[in-house]
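Scroll down for the structure; my scribbles are underneath it.
Worth knowing before you read on, the calculation uses all heavy atoms, side chains too, and leaves out hydrogens, waters and symmetry mates.
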Amino acid sequence: MNDKPDWTGRRLRLEVGAVAHGGHCVARYEGRVVFVRHTLPGETVDALVTEDRGGGFCRADAVAVVEAAPGRVEPSCPLADIARGTDRCGGCDWQHVDPAVQRELKAAVVAEQLTRLAGVEYPVEVSPLPGGPLRWRSRVRLAVDDNGAVGFRAHRSHRVIPVRDCPITVEGALDEVASRSWTPGSEVAVTRDGSGQVHVTEHSVRPRRSGRGGGRPARSARKVRGTGIAHEAAVGREWGVRSEGFWQVHPEAADRFAEVVARMADVPSGGRAWDLYGGVGLFAAVLGQQAGANGDVLLVESGESAVRDAEANLADLPQVRVRSGRVERVVTEPTVPAPHVVVLDPPRKGAGSEVVDAISRARPSRVVHVACDPASLARDIGLFRERGYRLSRLEAFDAFPMTQHVECIALLEDTERNS
């Protein structure tokens with residue numbers, strides 16, 4: 001039973017410590033840890049406690065800066081202004097931080113996660129992508145409030161903060177969306193593809209009638225603008241992707257990540273490779289080019305629409321085979337030949353022990369791990385280390401400026417073959 005007082009709504013004067021994974025910094029007050037957002041290491045701030053579930057920590061938002069750190073700047077977005085108190089958009093974590101300092105903070109988080117979760121000391125540097133810290137987000141999903149206005153949710157809340165524009169979203173993507181009324185409680189998905197076309201879909205939830213039927217609420221999708229097929233260009237190829245399917249949200253990311261993956265994978269001519277969680281086939285395309293006509297690339301993806309897109313996009317590469325299914329099931333089939341190289345780009349939760357086991361048993365000489373979450377990456381690297389792989393290279397990119405997110409691409413090598 002928790003007999004400690006609830007601090008929610010309490011205002012605290014905090015001396016801010018190190019950055020932590022999750023878009024906040026760590027402070028301490030009366031023996032408890034406070035995860036405080038909208039601040040920087042070394043600052044003194046007044047913060048309002050926004051969440052306290054008992055135990056050794058609570059969460060807070062800075063509402064006034066008493067002593068600022070050198071990296072603090074005025075936010076580019078008015079919805080991140082500290083004067084708004086806790087009434088701030090939850091989409092960005094570092095609007096108040098100079099972009100170069102943002103990258104330093106992200107590098108510190110990646111390095112700390114590697115040390116703590118994988119037992120690996122590695123000097124991390126986060127590189128920017130071309131284009132600057134604003135107007136990079138090409139895909140966005142907005143919530144609709146009770147008045148029919150679109151917006152983003154507050155941090156760790158269902159409350160919608162209405163928006164007229166978003167400075168990290170590509171120019172023009174929200175013009176029509178923000179100026180009209182939508183179904184209260186719905187969500188609006190917006191994609192501005194590489195050709196400049198904007199695709200808009202409204203997703204609504206209708207409660208089912210009460211009675212014997214029961215079941216989940218009915219969901220519907222209404223296409224408002226565009227064809228629903230995004231046209232993209234990367235690695236010298238044209239791509240057709242469902243507008244709400246997975247594609248890198250930063251316009252420069254697909255080419256940059258594919259170049260790094262190709263360099264790390266280095267599939268030999270005539271060699272075999274696995275592209276796991278392969279999506280619509282971006283990495284399989286470069287692996288297929290490396291392996292050549294006599295090679296073999298197995299792309300595994302569980303999403304049905306992504307599988308269809310991959311088959312269509314890679315139809316001219318017969319050395320690439322697309323398989324639908326869960327990774328751990330497909331790659332353990334006895335008829336699947338062992339690869340020379342494995343590339344994996346798992347969801348945010350990471351690959352996990354079952355997939356790492358399956359890859360390690362196949363004993364590729366190199367594993368290229370693409371990850372958008374440092375903690376998940378570190379856990380997976382720790383699992384690979386236990387199975388005889390070492391981290392030989394890691395490159396990190398600021399593909400999501402103003403947010404806590406960072407993309408990492410890691411090369412792991414078999415210690416027995418590469419010793």
Side-chain angles (χ1 to χ4, degrees), residues 23 37-38 48 50 61-65 72-99 102 129 131-205 221-228 230 243-244 247-252 398-405:
R37 287 169 53 82
H38 310 292
L48 195 68
T50 56
D61 282 358
V63 293
V65 178
R72 180 174 284 274
V73 297
E74 286 295 319
S76 302
C77 178
L79 297 183
D81 192 332
I82 200 168
R84 294 178 64 95
T86 59
D87 190 34
R88 280 172 273 192
C89 170
C92 289
D93 309 283
W94 302 119
Q95 281 274 350
H96 61 288
V97 184
D98 176 83
Q102 291 183 37
L129 293 179
L134 301 176
R135 299 300 180 190
W136 54 266
R137 190 174 185 92
S138 62
R139 283 162 166 74
V140 63
R141 197 174 185 101
L142 302 103
V144 180
D145 69 11
D146 292 340
N147 298 315
V150 294
F152 298 106
R153 299 191 188 280
H155 182 62
R156 295 176 66 86
S157 171
H158 293 292
R159 183 163 49 93
V160 178
I161 309 296
V163 298
R164 300 298 299 177
D165 186 25
C166 171
I168 68 170
T169 301
V170 292
E171 199 76 51
L174 300 185
D175 289 350
E176 178 185 326
V177 172
S179 63
R180 60 179 293 175
S181 182
W182 301 87
T183 305
S186 67
E187 292 186 342
V188 179
V190 183
T191 294
R192 187 179 187 275
D193 67 20
S195 70
Q197 185 178 22
V198 177
H199 308 266
V200 181
T201 304
E202 182 182 29
H203 295 265
S204 299
V205 178
R222 181 173 65 94
K223 192 182 299 180
V224 178
R225 180 177 175 184
T227 64
S243 61
E244 294 183 68
W247 187 261
Q248 291 293 339
V249 296
H250 195 297
E252 302 291 335
D398 193 14
F400 316 94
M402 302 295 178
T403 79
Q404 61 163 309
H405 303 294

[atom1]/[X] to [atom2]/[Y] distance, rounded to the nearest 0.5 angstrom?
| X | Y | atom1 | atom2 | result |
| --- | --- | --- | --- | --- |
| His250 | Ile168 | NE2 | CD1 | 10.5 Å |
| Phe152 | Thr169 | CZ | OG1 | 5.0 Å |
| Thr86 | Asp61 | OG1 | CG | 6.5 Å |
| Asp145 | Ser181 | CG | OG | 8.5 Å |
| Gln95 | Asp81 | CD | CG | 10.5 Å |
| Glu202 | Thr183 | CD | OG1 | 4.0 Å |

Please report the shortest heavy-atom distance between [X] and [Y], naming the atom on each side.
| X | Y | value |
| --- | --- | --- |
| Arg141 | Ala189 | NH1-CB, 4.0 Å |
| Pro133 | Pro99 | CG-CG, 3.9 Å |
| Thr191 | Ala230 | CG2-CB, 4.4 Å |
| Gln102 | Pro401 | OE1-C, 4.0 Å |
| Ala178 | Val150 | CA-CG2, 3.9 Å |
| Ala221 | Thr201 | CB-CG2, 4.0 Å |

Look at the side chain of [X] and the backbone N and O of [Y], then say whether any donor-acceptor pair between them is shorter than 3.5 Å.
| X | Y | result |
| --- | --- | --- |
| His199 | Gly228 | yes |
| Glu187 | His203 | no |
| Asp93 | Gln404 | yes |
| Arg153 | Gly91 | no |
| Trp182 | Ala143 | no |

Is any side-chain heavy atom of [X] less than 4.5 Å from a side-chain heavy atom of [Y]?
| X | Y | result |
| --- | --- | --- |
| Arg72 | Val65 | yes |
| Val160 | Val144 | no |
| Leu129 | Gln248 | no |
| Ile161 | Arg88 | no |
| Val140 | Cys166 | no |
| Val198 | Asp175 | no |
| Glu176 | Val200 | no |

Mind checking whether His405 and Phe400 have parallel, tilted or perpendicular rings, split at 30° and 60°?
perpendicular
Can you list the steps and then say if Arg159 with Asp87 is a side chain to side chain contact (heavy atoms under 4.5 Å, CB included)?
CA-CA 9 Å; Arg159 183 163 49 93; Asp87 190 34; 2.8 Å; yes
Determine, step by step, whether Ser76 and Met402 satisfy the side chain to side chain contact (heavy atoms under 4.5 Å, CB included) criterion, reporting the C-alpha distance in whole Å, the side-chain angles of both residues, the deciding distance to 0.1 Å, and the verdict.
CA-CA 9 Å; Ser76 302; Met402 302 295 178; 4.2 Å; yes
Might you work through the side chain to side chain contact (heavy atoms under 4.5 Å, CB included) test for Val224 and Val188, ending with a clear yes or no?
CA-CA 10 Å; Val224 178; Val188 179; over 6 Å; no
For Ser195, enumerate each residue passing the side chain to side chain donor-acceptor pair (under 3.5 Å) test, keeping only those at least two apart in sequence or located in another chain.
Asp193
Contacts of type side chain to side chain donor-acceptor pair (under 3.5 Å), residue Arg164, not counting sequence neighbours
none
His155: which residues meet the side chain to side chain contact (heavy atoms under 4.5 Å, CB included) condition with it, sequence neighbours left out?
Arg37
